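Have a look at the structure below before the remarks.
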Amino acid sequence: MNISLTINGNNFYHDVEPRLLLIHYLRETLGLTGPHIGCETSLCGACTIELNGKAVKSCTMFAVQADGAKLVTIEGLATDGKLHAMQEAFWNQHGAQCGFCTPGMIMTSKQILDRNPDPSEQEIRHGLEGNICRCTGYQHIVNAVKAAAAVAGK
């Protein structure tokens, strides 16, 4: 099937098999390896991207289901060589250790602030529930979301 997508501001047109998962299209066809393949069952969140303004797990849908959509991956957050505020906050607050979950965590954290620019710690933790980190214990990730919220609120 032919699909047309706008990803990180660029237009892509490909003929894909209907059963191709979106995560595999992003990584294997386009070379966008920021979203990671962790579980392929939607449990870990490592593959989280933004689809038409909403954080989604790209292992839960087929590429053909995204036809006509506007996507943003972790690669598309930085603009003009400047990190997105959430990326900067993760860097400054040590929100990454091994880094495997980080792209999905950042995309999900961005969604948290898009929905609520001043979330409580409990709201942040609740918003991150669909993402698994095996290294950090989450506190630095929560601190990063708080820091990004504080910067955005200035």
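Since this is a predicted model, take the numbers as computed values, not measurements. We're numbering straight along the sequence, starting at 1.
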With rounding to the nearest 0.5 Å, note down the distance linking [atom1] in [X] to [atom2] in [Y].
X: Glu75; Y: Leu30; atom1: CD; atom2: CG; answer: 10.0 Å
X: Lys110; Y: Glu50; atom1: NZ; atom2: CD; answer: 3.5 Å
X: His140; Y: His94; atom1: NE2; atom2: NE2; answer: 7.5 Å
X: Lys70; Y: Leu5; atom1: NZ; atom2: CG; answer: 13.0 Å
X: Ile49; Y: Leu32; atom1: CD1; atom2: CG; answer: 10.0 Å
X: Ile37; Y: His24; atom1: CD1; atom2: NE2; answer: 4.5 Å

- Task: Only counting residues at least two apart or in another chain, list the ones meeting salt bridge (charged side-chain N to carboxylate O under 4.0 Å, His left out) with Glu17.
- Result: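 Partners of Glu17 by the salt bridge (charged side-chain N to carboxylate O under 4.0 Å, His left out) criterion, ordered by chain and then number, come out as Arg19.
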Work out which heavy atom in [X] is nearest to a heavy atom in [Y]; give both atom names and the distance.
X: Leu71; Y: Ala66; answer: CD1-CB, 4.5 Å
X: Pro103; Y: Gly34; answer: CG-O, 3.2 Å
X: Thr102; Y: Ala96; answer: OG1-CB, 3.2 Å
X: Tyr13; Y: Ser4; answer: CE2-OG, 3.1 Å
X: Gly38; Y: Ala46; answer: N-CB, 4.4 Å
X: Ser42; Y: Cys59; answer: N-SG, 3.4 Å

Treating [X] as the side-chain partner and [Y] as the backbone partner, does any N or O pair qualify as donor plus acceptor under 3.5 Å?
X: Gln65; Y: Phe62; answer: yes
X: Asn143; Y: Gln93; answer: no
X: Lys57; Y: Gly130; answer: yes

- pair Met1-His14: side-chain heavy atoms closer than 4.5 Å: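 The answer is no; the side chains never approach within 4.5 Å.
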- With Asn116, which residues qualify under side-chain hydrogen bond (donor to acceptor under 3.5 Å, both in side chains), at least two apart?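 If we apply the side-chain hydrogen bond (donor to acceptor under 3.5 Å, both in side chains) test to Asn116, skipping adjacent residues, the hits are Glu123.
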- Query: What residues form a ring pair (Phe, Tyr, Trp, His ring centres under 6.0 Å) with Phe100, not counting sequence neighbours?
  - Reply: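 Phe100 satisfies ring pair (Phe, Tyr, Trp, His ring centres under 6.0 Å) with His36 only.
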- Message: As a quick check of understanding, evaluate side-chain contact (heavy atoms from CB on, under 4.5 Å) for His126 and Gln122, giving each step before the final call.
- Response: CA-CA 6 Å; His126 178 71; Gln122 183 177 357; 5.5 Å; no
- Message: Tell me whether Asp118 at atom CG has more than 12 heavy atoms from other residues, nucleotides or ligands lying less than 6.0 Å away.
- Response: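 Atom CG in Asp118 is not crowded, with 12 or fewer foreign heavy atoms closer than 6.0 Å.
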- Item | Positive for side chain to side chain contact (heavy atoms under 4.5 Å, CB included) with Val64, one of Leu20, Leu22, Ile3 |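 Result: among Leu20, Leu22, Ile3, Ile3 is the only option passing the side chain to side chain contact (heavy atoms under 4.5 Å, CB included) with Val64.
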- State which residues pass side-chain contact (heavy atoms from CB on, under 4.5 Å) with Leu43; sequence neighbours excluded, sorted by chain then number.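 With neighbours one apart ignored, the set is Cys39, Thr41.
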- Under the side-chain contact (heavy atoms from CB on, under 4.5 Å) test, residues paired with Thr33 that sit two or more places apart: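 So Thr33 forms a side-chain contact (heavy atoms from CB on, under 4.5 Å) with Arg27.
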- Item | Under-4.0 Å salt bridge between Arg125 and Glu121 |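 Answer for the salt bridge query: yes.
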- Message: Other members of the hydrophobic cluster containing Met105, with the 4.5 Å side-chain heavy-atom rule, please.
- Response: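 Taking Ile, Leu, Val, Met, Phe, Trp and Tyr as members, Met105 shares its hydrophobic cluster with Val72, Ile74, Leu77, Met86, Phe90, Ile106, Met107, Ile112, Leu113, Ile124, Leu128, Ile132, Tyr138, Ile141, Val142, Val145.
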- Item | Flag for Asn8-Thr73: side-chain donor and acceptor within less than 3.5 Å |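 A pair is found: one side chain offers a donor N or O, the other an acceptor, under 3.5 Å apart.
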